[in-house]
Structures are given as structure tokens and as C-alpha cells.
Amino acid sequence: MAGPRVRFAPSPTGYFHVGSARSALFNWFVARQHDDGVFILRIEDTDTERNREEWVDGILSAMDWLGLDLDEGPFRQSDNQAQYATSVAALNGGGYLYYCDCTGDDVAKRKGDNKTPGYDGFCRDRGLDQGPLTALRFKTPREGVTTVPDLIRGDVEFANATIDDFVVAKSSGAVLYALANVTDDRNDRISHVIRGEEHLSNAPKQMMLWEALNDALHEDVALPAYAHLPLLVNEQRKKLSKRKDPVATESYRDQGYLPEAFVNYLALLGWSPRGDEEIVPLATLIEQFRLEDVSHSPAFFDVKKMAHMNGEYIRSLTPEEFLAQSAPWVNPWSSAWRPTDREPGWSEDQFDEALYAKVAPLVQERVATLGEIPAMVGFFFSDGVSYDETAFAKSVGNDPLGQTLLAVAVERFSDVDWRADALHEATIEIGEALGLALRKAQAPIRCAVTGTLVGPPLFESLELLGRERTLQRLRDALARSSQ
RNA sequence: GGUCCCAUCGUCUAGUGGCCUAGGACAUCACCCUCUCAAGGUGGAGGCACGGGUUCGAAUCCCGUUGGGACUGCCA
């Protein structure tokens, strides 16, 4: 038996939604589990009002970033108009459709207290001819039940009477989603339709269309298997909204999430690998993934957990890999790709690649995202120090002892061996002379040199920063405190 | 309102009738480590929505209630 043929079918109407990313990923898993599985990308751009070409580029680059490679496509619905016309003609010829000239207001007005869902079938038997304002509706069976065999949820039954006569083609002639989608799935011989749960109620309509097309076209294309994935929700338990929630996959890339970590986290939303370990190699994810094991309930997209996971991935990088991965954030000028709206706090001239290579290991284990790096190493590359005023006041400005310590440090550091361990020893001694434990003694120095009270290990940092720059900053801080 | 889906710690989940004194992860708290911050280590607190059944036995099966969500477009 041939391998599965699955498709990811986004519409390019905005940033690449993390929920879409997960749908794409699960489809891709299914394809990659088989040697002959096929993963197809179909751009559903039939809504010309809302589509924009830049969003198509966004989808492509985000999928590339995630490593979701295609076997076929990208196809575009805008290229398939002829096939849609064929579907419409066949359906119409087979008596499955009728013209309707009702406006939305007409339908709403008639609806009133009527319990019938959606459209009431007003034009179904009026025998209207095609006109400038007539849409084409599908004659839904009035009796019987349509059962959607869902791989995740089991059989889901819909009474046909509850499904209204939906529009298949607009009065303009443009074919709508339901028919376009079904036509393409048939032509692409899709075996598994794997998509978000918001499409579950579309499934019976699409099955009706599918079978009507088989009949009208005298074909016998097998229905696909359906799998409706649980929704991704926000803290309010609402479907993640493009408008209100941080759902743009691109923004996570810009923040410095590694694609491996992002994929790993996404895989955990609605599914889980065997065993207690959640950090799982991609190959294992692919091997273990089963649609049947996908959970039924919505999942909250927890950025905190993803950040933690990303930190683990970052820490597991070799120093060389870390250097390469972090380059776009610290040295965008010589990177092929750079994150948008994220300038490091220094200029190209100020950046010192060799120095960064030595600094990098100090921050690798302290960041959860690559985007956090610049703030942590900025003091190495900028000329002056940008002070956190609260920290400065606490450790130097309002602390005479801190000022004394700085003054002593200037003396002592002038002729100490410029190595981390020697600086460490010297600082201990300076502190002891003033009755300060090392944790207290290092604070004013740290603040004077880096501008804040938190950061990479101090003595290694001083060694890398160099004697001259360190002494200069200690003197500057001292001068600053007496102003 | 109608149709459909869902319901295990705050969150993501394991669990498919006895292995459950309900396991793991994130978050949280305490302690350890420690030049700061992280990381790491150890430990703690924290959950089967409720009510009926079925069964020798129910987180697991059935029914109901409650609660949440999706859809309900000449959008996808």
C-alpha cells in the first residue's frame, strides 16, 4: 500500500500562526514516518481580498526554518481555477446545486425565531437561473446522518438536517473554500486530512461534496481519513487569536528560539512521547508520533515552558555551534539572516569577534533565548557603561564602603596579575580588609564595570575586558559617585 | 439559540478496569552549591469537575449535571 499523502493548507492572511505550525508539523510527521509518505504545501489563496504575497513568503520561510521540507508544492489555489470550474459544472449538471439571490439581510430577517441553522433553503425550490447576484448553493440532504470517522476522536455524527445549504460559489463566480479544498484534496489524492478542530464542523459538508463529485464526475476517489487536532488556546482558554495573542512563529525565531526546540515543544502540545523524557530528538518524535495518540482537549501555548526547553537546547550546543547560532543577534552585519527589530547595543566597529568567542561560553549557560545575549554582553563592546541607576545607587552611589572598595580596587588592580584567578584572590583580600565577604565585595566592582548587579562571572569578564578598560571604568564609577 | 467537541496538579501531559499511596515536565516554595545571575542537585506543596450507575474493583466503561471551547460568512 502506498504511503500517506498529507497536506498543509494555510491561507496567507497574516503571520505564520503557531497553531498552523503545529498542524504543519503533525502532517509532516505522518509523511516522514513512511519512506514513501508525501508532504504537500497548498496555499489556500482563494480569498483575494485578504491574501498578501508577503504572507506567502512568511509561510515558506517559517517552514524552512522549522525544517518542514516539501515533497510536492507549494501549490496555489489561485492556479486551480479551471479545476474548480469543472467541479462546479459537474455538480450543477448533476443537480446538486441551485442558484440563490438572497442577501445576508434577507436570510437574517427570515430567520427570526426559526430554529433552522444558517441558511433556510429559501431558494432551493425556486428554480432561479443564474444572474448577476446569484450564488450557488449545495443541496444538503434533509434526512439521514453523516458520520465523520475521525482518527483522533472516533466517529462524529452530524444529522444532515442540521447542515444548511452552504454556498459553494459566490455570485462573482469565485469558488469558496469548501469546494476548492475538496477539489484539491481529490486531485492531490490526499489520504489524510489533518487540521485544527475548528474544521470539524466543515468535515461533513466536505464529505458530502466529495461523494457528490464522485457521482457527478463518475469517479471513485476514496475519502480521506480525517484527524482534527485539539485547538491551541490562550490563558483565557480561547482559541489563540492572531490579533490578541503572540502567535507569530516569526517572532519566536526573532527572539532566538532554536527551531529544534520550537519543534520539540510544539510536538508536546496535544501529544507526548513515550517515557518521562520530554526533550526528544526529532527522529524519535517522528518515529513515535501517532495520530491515534493525540489528545482531545485544547492545549495552552506556554511560552515559559518553551523558553525553558530552549535553554536546555542552547546549553546542549557545542561552543562552536553556539557561536554560529548566536551570530545574527550579536553580529548581524556579517550574518546572512538577521532578526527583525533587534539591534545589538553596539555598532559594527565596536563588535570584536575574537572577544565574543571568548565571552560566549560565559553566557551560553545563562540564556533561555539567543535574543537575551546582547543585553548580557553589551558592556564588552560599548565604550562607556550604561548604568542601571538602582543598582548603582545601591552598590556604589549610596554606599561609602562601596566607594572605598572601588578606590582600593583601582590601586590593587593596577599591578595584579591580569588573570581571573588572581583577580578573584585580590578581590577576596580587598573585601577582607574592609570586613566584606566576597559576595558583598564583588558587587560594587561588578556594577562599576558592567553597569548592573547581574551578569556573567565577574573575574573572567574582567580578564577578558582587560586591565585598562577595567581601571578606567572603576575610576569613572568613582567619579560618578561623588557628583 | 442550534450543531459539534472537550473535562487528571496553576500549565502541558502519563494513565485505556486492579501495577495509582495518581507518574513526569514547566511554573512555584525551601534547602544545597555559589563572586552576582543563571544552570545544576535535593526535597515540598499542588490534580482525577460533580452526581448517579456498571463491576469483586473505577481517573479509566455508561448516563446525567455543571463548566469550558469551536462552528454557526457570497472567510479560510
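Treat the numbers as computed from the prediction; the structure is a model and nothing was measured. Residue numbers start from 1 in every chain, and the chains themselves are labelled A, B, ... in the order their sequence lines are given, proteins ahead of strands.
Remark: A:Ser272 is not in phosphate contact with B:G24, judged by side-chain N or O atoms under 4.0 Å from OP1 or OP2. Contact annotation: A:Ser295 reaches the phosphate of B:U13 (side-chain N/O to OP1 or OP2, under 4.0 Å). Put simply, A:His296 has a side-chain N or O that comes within less than 4.0 Å of OP1 or OP2 on B:C6. Side-chain N/O atoms of A:Lys239 include one lying less than 4.0 angstrom from OP1 or OP2 on B:C71. Dashed line: the shortest gap from a side-chain N or O of A:Arg366 to OP1 or OP2 of B:U36 is not under 4.0 Å. The phosphate of B:U34 (OP1 or OP2) has no side-chain N or O of A:Arg439 nearer than 4.0 angstrom. Proximity of A:Arg195 to the phosphate of B:C71: no side-chain N or O atom is located under 4.0 Å from OP1 or OP2.
Spacing between B:A59 and B:C19 at atom P, rounded to whole Å, works out to 9 Å. Taking atom C1' in both B:C48 and B:U8, the straight-line distance is 4 Å, to the nearest Å. Comparing the P positions of B:C6 and B:C26 gives a spacing of 30 Å, expressed to the nearest Å. Nucleotides B:G51 and B:C74 have their C1' atoms positioned 47 Å apart, rounded to a whole Å.
For the segment residues 138-155 of chain A, the set of residues with a heavy atom within less than 4.0 Å of an atom of RNA chain B comprises A:Arg153, in numerical order.
Contact check for A:Phe381 versus A:Pro344: no side-chain heavy atoms found under the 4.5 Å cut-off. Between A:Ser297 and A:Pro230, every side-chain heavy-atom pair lies at or beyond the 4.5 Å cut-off.
When distances are taken from the side chain of A:Pro457 to each of B:C12, B:C35, B:C74, the shortest belongs to B:C35. Of all nucleotides listed (B:C74, B:C5, B:G40), B:G40 comes nearest to the side chain of A:Arg315. Distance from the side chain of A:Val454 is smallest for B:U36 among the nucleotides B:C74, B:G68, B:U36.
If you check distances only, the side chain of A:Ser171 does reach the base of B:C74 with a donor-acceptor pair under 3.5 Å. Between the base of B:A76 and the side chain of A:Asn181 there is no donor-acceptor pair shorter than 3.5 Å. Scanning atom types as modelled, no donor and acceptor separated by under 3.5 angstrom connect the side chain of A:Arg137 and the base of B:C74. Below the 3.5 angstrom threshold, one finds a donor paired with an acceptor across the side chain of A:Glu460 and the base of B:C35.
For an aromatic pair to be called close, the ring centres must be under 6.0 Å apart, and A:Phe138 with A:Tyr98 fails this.
For A:Asp302 and A:Lys304, the salt-bridge test fails: no basic side-chain N is under 4.0 Å from an acidic carboxylate O. Under 4.0 Å is where a charged nitrogen must lie from a carboxylate oxygen, and between A:Arg7 and A:Asp184 no such pair does. Between A:Arg195 and A:Glu44 there is no salt bridge, since no side-chain nitrogen of the basic residue lies less than 4.0 Å from a carboxylate oxygen of the acidic one. Between A:Glu197 and A:Arg153 a salt bridge is recorded (basic side-chain N to carboxylate O distance below 4.0 Å). Ion pairing between A:Arg50 and A:Asp47 holds under the 4.0 Å rule for side-chain N and carboxylate O. Ion pairing between a basic and an acidic side chain is recognised when a charged N comes within 4.0 Å of a carboxylate O; A:Glu429 and A:Arg412 show such pairing.
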I'd like a table of atom pairs between the protein and nucleotides 25-29 of chain B - only N or O on both sides, under 3.5 Å - with the distance next to each one.
residue : atom : partner  : partner atom : Å
B:A25   : O2'  : A:Glu278 : OE1          : 2.7
B:A25   : N3   : A:Lys305 : NZ           : 3.1
B:C26   : OP1  : A:His308 : NE2          : 3.3
B:C26   : O2'  : A:Lys305 : N            : 3.4

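Using Watson-Crick or G-U wobble geometry with both donor-acceptor distances under 3.5 Å, B:A49 finds its partner in B:U65. Pair check for B:C33 finds none; no Watson-Crick or G-U wobble contact set falls under 3.5 Å. Of all nucleotides present, only B:U11 satisfies the Watson-Crick or G-U wobble test against B:A25, with each distance under 3.5 Å. Across the strands present, B:G1 finds its partner in B:U72; the criterion is a Watson-Crick or G-U wobble pair with both atom distances under 3.5 angstrom. In this structure B:C56 sits in a base pair with B:G18, meeting the Watson-Crick or G-U test at under 3.5 Å.
Each of A:Ala443 and A:Gly104 was assigned the nucleotide of RNA chain B with the nearest heavy atom; the assignment lying further toward the 5' end belongs to A:Ala443. Across the interface with RNA chain B, nearest-nucleotide mapping of A:Leu438 and A:Gln77 shows A:Leu438 to be the residue nearer the 5′ end.
We find that CG of A:Leu423 is positioned 17 Å from P of B:U36, with the value rounded to whole Å. The distance from atom CG of A:Leu231 to atom C1' of B:C4 is 13 Å, rounded to the nearest whole Å. The distance between atom CG of A:Asp245 and atom C1' of B:U11, rounded to the nearest whole Å, is 15 Å.
Counted by atom type alone, A:Asp155 and A:Thr147 present zero donor-acceptor pairs between their side chains at under 3.5 Å.
Few gaps surround NZ on A:Lys139; more than 12 heavy atoms of other groups in view lie less than 6.0 Å from it.
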